[in-house]
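Structure, as structure tokens:
Everything numeric in this text was worked out from a predicted model, so none of it was measured. Within every chain, numbering begins at 1; the chains are lettered A, B, ... in the order of the sequence lines, protein sequences first and strands thereafter.
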2 protein chains.
Amino acid sequence: MSHNSEQEDHDLPVEGNSVSFSKTRREHSTEIMEDYVEAIADLIFESGEARVVELSRRIGVTHVTVTRTIDRLEKAGYVICPPYRAIFLTEKGNALARSCKERHQIVVAFLHSLGISEQTANLDAEGIEHHVSTETLQAFKHHLALLHKVTL
Amino acid sequence: MSHNSEQEDHDLPVEGNSVSFSKTRREHSTEIMEDYVEAIADLIFESGEARVVELSRRIGVTHVTVTRTIDRLEKAGYVICPPYRAIFLTEKGNALARSCKERHQIVVAFLHSLGISEQTANLDAEGIEHHVSTETLQAFKHHLALLHKVTL
DNA sequence: TCCTTAATGTAGCCTATGCTACATTCTGCA
DNA sequence: TGCAGAATGTAGCATAGGCTACATTAAGGA
């Protein structure tokens, strides 16, 4: 008795075999990646190089967590991180950093334009920026452009 | 030799002892919780009760994942879920659902008011709503109120 | 009433993200 | 040059959130 054979259907999420952790999950992973890449770009810009210690201070996690995330970033092709050396962005990583930074700035400027304080705008932008679609980003830009015209 | 004793500092994240998984992580957990509570409230409203299967269909994960998340929600005091029965919201859960729903609607309306399509507004709102501070939400409301006045 | 089937529960595995504790390598200064 | 201390690496643990496979319970129709 018991289970006769296949339950023919089991459940629904069938898409990929193993690569199927749903939208939210995948997006969360992406968020973290983006935050790291952005922070790395900032560090390189500010101090010439990105070190694990500095990253961990900036992001607020231990150096161990940073190291492992960097490993994943390296596997994904965003960074190169030779043992005991600094972290370097690949071209792919640089491109991602640039687009993240641009998006971040637009979101902050947009929030700010609504009368939201500098501080809150920055804090909220960090959470919001990862969930803004191209269409919404365009709308933000459009809104900013309008404001700019009016101000002229 | 080797490690003399305590490395006096180890690393930085010292706040709580164990309860210290950083901001991003904690917020992500909250997001999932909120999504579930909202979905449960919707299901109860629409069909009289929230069942695990329906939730899993709605959220897009297997019933196993739903079950475990519900366990956590139960431990956190948001729901009650007797074995083989439906899922019930506690007063705390109901309150959370209400405030999430309100916030969600404001974000959607706001995005829509910027000329963003219904569909994108809804999709983006799902990601954005969890990262909107009280101040920003107020600004959104304010913006909507202004528009409403102009339209009159 | 029984028995099939849908819903629910449980066991066990995986990855991502955190952590502490400890080991190793680099680096700068005495 | 050598060595102390900082930076980096590694081992091992925890939790959240995914999954498949299988077991158990509930519910409805023959």
Side-chain angles (χ1 to χ4, degrees), chain A residues 1-36 49-57 59-76 81-87, chain B residues 1-36 49-57 59-76 81-87:
Chain A
M1 281 81 261
S2 63
H3 65 302
N4 24 359
S5 62
E6 298 277 326
Q7 251 154 297
E8 76 253 11
D9 210 345
H10 297 308
D11 260 320
L12 35 126
V14 196
E15 28 177 318
N17 250 357
S18 37
V19 202
S20 73
F21 46 115
S22 84
K23 200 189 155 214
T24 312
R25 185 101 190 105
R26 192 164 41 241
E27 278 178 0
H28 184 238
S29 206
T30 304
E31 282 173 49
I32 303 247
M33 299 279 219
E34 289 180 351
D35 284 341
Y36 273 75
E49 63 174 13
R51 307 298 308 212
V52 171
V53 203
E54 257 320 299
L55 254 189
S56 76
R57 276 196 260 271
I59 298 180
V61 297
T62 62
H63 82 274
V64 187
T65 301
V66 170
T67 301
R68 254 211 335 257
T69 305
I70 295 296
D71 282 346
R72 281 191 284 271
L73 281 174
E74 190 159 28
K75 284 200 188 79
C81 187
Y84 295 101
R85 300 282 314 283
I87 304 154
Chain B
M1 280 86 262
S2 61
H3 64 302
N4 23 0
S5 62
E6 299 277 327
Q7 249 154 297
E8 76 254 10
D9 210 348
H10 297 309
D11 261 320
L12 34 127
V14 196
E15 25 178 319
N17 249 357
S18 37
V19 202
S20 74
F21 47 113
S22 84
K23 200 190 155 214
T24 312
R25 185 103 190 105
R26 191 165 41 242
E27 279 179 0
H28 183 239
S29 206
T30 304
E31 282 172 49
I32 303 249
M33 300 279 220
E34 289 181 350
D35 284 341
Y36 273 75
E49 64 174 12
R51 306 297 310 212
V52 171
V53 204
E54 257 321 298
L55 254 188
S56 76
R57 276 197 260 271
I59 298 179
V61 297
T62 63
H63 81 275
V64 186
T65 302
V66 169
T67 300
R68 256 214 331 262
T69 305
I70 294 297
D71 282 346
R72 282 192 283 271
L73 281 174
E74 191 159 28
K75 285 202 188 78
C81 187
Y84 295 100
R85 299 283 314 283
I87 304 155

- prompt: Quick one: on DNA chain C, does B:R85 or A:P83 contact a more 5' nucleotide (nearest heavy atom)?
  reply: B:R85
- request: Kindly point out which of D:dG17, D:dT20, C:dA16 is positioned nearest to the side chain of B:V64?
  value: D:dT20
query: Got B:H63 and B:V53 here, is their nearest side-chain heavy-atom distance under 4.5 Å?
result: no
- prompt: Can you tell which of D:dA21, D:dG17, C:dG18 lies closest to the side chain of B:R72?
  reply: D:dG17
- request: Give the rounded distance in Å between these two atoms: CG of B:L55 and C1' of C:dG9.
  value: 16 Å
message: Expressed as a whole number of angstroms, how long is the span from A:E54:CD to D:dA7:P?
response: 9 Å
- prompt: Just how far, in rounded Å, is P of C:dA11 from CG of B:D71?
  reply: 12 Å
message: In this structure, how many angstroms lie between the P atom of D:dA21 and the NE2 atom of B:H63, rounded?
response: 13 Å
query: Nearest of C:dT20, D:dT10, C:dT17 to any side-chain atom of A:T62?
result: C:dT20
- prompt: Side chains of A:I70 and A:L73: closer than 4.5 Å at any heavy-atom pair?
  reply: yes
message: What I want to check is whether an N or O donor and acceptor connect the side chain of A:H28 with the base of D:dG17 at under 3.5 Å.
response: no
message: Within the 4.5 Å heavy-atom criterion, are B:I59 and B:T69 side-chain neighbours or not?
response: no
- request: Measure from the side chain of A:T65, starting at C-beta and using heavy atoms only, and say which of D:dT10, C:dC19, C:dT10 lies closest.
  value: C:dC19
Heavy-atom side-chain contact between B:H28 and B:E31 under 4.5 Å: yes
message: Side-chain N or O of A:S29 versus OP1/OP2 of C:dT17: is the shortest distance under 4.0 Å?
response: yes
message: Rounded to whole Å, how long is the line connecting atom CD of B:E27 with atom P of C:dG18?
response: 12 Å
- prompt: Of the nucleotides D:dT10, C:dG9, C:dT24, which one has an atom closest to the side chain of B:Y84?
  reply: C:dG9
- prompt: In terms of the nearest nucleotide of DNA chain C, which residue is placed more toward the 5' end: A:R51 or B:P82?
  reply: B:P82
query: Rounded to whole angstroms, how far apart are CD1 on B:I70 and C1' on C:dT8?
result: 12 Å
